[in-house]
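From a predicted model like this one, the values you see are computed outputs, not experimental measurements.
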Amino acid sequence: MKKPFPWHIVVFLAPAFLIYALFSAFPLLDTLRLGFYATSDTNQQHFAGLANYYTLMVDPHWSEGFWNAMRNNVKFFLVHMLIQNPIGLLLAALLSMRGVRGAKAYQTLIFLPTLLSVVIIGFVWQLILSPLWGVAETLLGYVGLAEHFQPWLGDESTALFTLSLMSVWQFVGIPMMLIYAALIAIPDEIIEAAVVEGASAWRIFWTIRVPLILPTLGLTTILTFVGNFNAFDLIYSVKGALAGPGYSTDILGTYFYRAFFGYQSQLGSPTLGAAVATMMFLVILIGVGLYFFFVQRKLQRFSF
């Protein structure tokens with residue numbers, strides 16, 4: 001007997017699908033379309049093919065800023081990958097150990113900054129690092145490192161790295177909680193068998209726990225990649241749309257803002273801004289695609 005069509009499932013999913021299509025899918029498709037148009041002097045849009053992308057890639061007036069933003073975004077991502085995620089793994093491993101007193105309190109305190117507004121985070125860290133009234137120099141003096149203090153946010157060579165560390169401090173709780181959930185989900189029988197065999201805690205962690213949570217580590221990596229290449233608010237709240245000093249903290253998000261809306265003496269172009277947004281989308285799409293094609297398939301065999 002033929003089963004009836006599950007209309008109840010369609011009705012259940014329809015509101016979420018309509019909201020997603022209205023506020024996510026349609027704007028994305030329209031942005032992709034707008035990137036193939038150009039705006040004339042009379043503010044009329046006309047089809048221009050790949051002209052906007054050629055401008056971003058080749059025209060010195062735009063390409064220099066675009067590639068600078070791309071390089072800075074890669075650096076921003078690498079800092080999170082090499083500092084945030086290993087710290088998240090370490091914290092999750094420590095808090096998942098049996099007998100740790102106040103583990104829940106530590107989890108709450110570490111995760112709490114992720115719930116705060118980025119504007120608040122940026123403002124507080126600006127106060128802390130300020131050479132005039134900040135407490136960073138005083139705190140360094142307590143450990144004998146006051147001579148190493150400098151205005152890190154005002155130096156082109158250190159501003160981006162400093163902002164990256166501010167972001168790491170705020171969001172390290174996310175990979176910590178994801179990895180922690182994966183660690184406590186490992187069956188106790190596996191760990192107990194390794195202990196009976198005489199394996200040390202260090203060997204158990206690297207040869208049993210880490211391989212079993214590799215899918216979660218992969219998920220954390222791709223979430224970090226997507227989040228960093230969509231970043232905008234922290235840079236904007238601390239350094240503004242110009243992403244100073246000297247565009248040293250400029251990333252794709254702030255570059256898109258200036259291209260689309262304009263800033264100060266720079267005129268905005270919705271069509272060129274759409275091209276920048278499309279490039280951001282393509283970078284994320286390619287990165288996620290490569291991850292699923294080369295990494296995720298191999299990690300599936302570690303699932304349990």
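A salt bridge links Arg258 to Asp250: one of the charged nitrogens lies within less than 4.0 Å of a carboxylate oxygen.
Minimum heavy-atom separation, Phe76 to Ser164: CD1-OG, 3.1 Å. The shortest heavy-atom contact between Leu129 and Ala136 is CD2-CB, 4.0 Å. When all heavy atoms are compared, the tightest approach of Leu34 to Pro270 is CD2-O, 3.7 Å.
When the shell of 6.0 Å around CD of Glu64 is examined, it contains 12 or fewer heavy atoms from other residues, nucleotides or ligands. Surrounding CZ of Phe161 are at most 12 heavy atoms belonging to other residues, nucleotides or ligands under 6.0 Å away. Atom CE of Met57 sits in a crowded spot, with more than 12 heavy atoms from other residues, nucleotides or ligands closer than 6.0 Å.
Side-chain atoms of Ser167 and His80 include a donor-acceptor pair closer than 3.5 Å.
Put simply, the side chain of Ser248 gets close to the backbone of Pro245: a donor and an acceptor are under 3.5 Å apart. Between the side chain of Asn52 and the backbone N or O of Phe36 there is no donor-acceptor pair closer than 3.5 Å. At distances below 3.5 Å, not a single donor-acceptor pair connects side-chain atoms of Thr114 with backbone N or O atoms of Gly173. Remark: the backbone N or O of Leu153 is paired with a side-chain donor or acceptor of Lys239 at under 3.5 angstrom. The closest donor-acceptor contact from the side chain of Asn73 to the backbone of Ile251 lies at 3.5 Å or more, if one exists at all. A donor-acceptor pair under 3.5 Å links the side-chain atoms of Ser96 to the main chain of Ala92, judged by distance alone. A side-chain donor-acceptor contact under 3.5 Å links Tyr291 to the backbone of Gly218.
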Start with the C-alpha distance between Leu223 and Ile174, add both sets of side-chain angles, then the distance that settles side chain to side chain contact (heavy atoms under 4.5 Å, CB included), and finish with yes or no. CA-CA 10 Å; Leu223 290 177; Ile174 295 178; 5.6 Å; no

Which is it for Ser237 and Leu234 under the side chain to side chain contact (heavy atoms under 4.5 Å, CB included) test, yes or no, and what are the steps along the way? CA-CA 5 Å; Ser237 64; Leu234 178 62; 4.3 Å; yes

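Here Leu56 contributes atom CG and Met70 contributes atom CE; the two are 9.5 Å apart, rounded to the nearest 0.5 Å. Interatomic distance, OG of Ser269 versus CH2 of Trp62, reported as 6.5 Å (0.5 Å rounding). Put simply, CZ on Phe171 and CD on Gln84 are 8.5 Å apart, with the number rounded to the nearest 0.5 Å. For the atom pair CG (Leu13) and CD1 (Ile9), the distance works out to 7.0 Å, reported to the nearest 0.5 Å.
Using cut-offs of 30° and 60° on the angle between ring planes, the pair Trp125 and Trp169 is perpendicular. In this structure, Phe229 and Phe225 have tilted ring planes: the angle between them lies in the 30° to 60° band.
Geometric assessment of Arg33 against the ring of Tyr37 yields a positive cation-pi assignment under the 6.0 Å and 45° thresholds.
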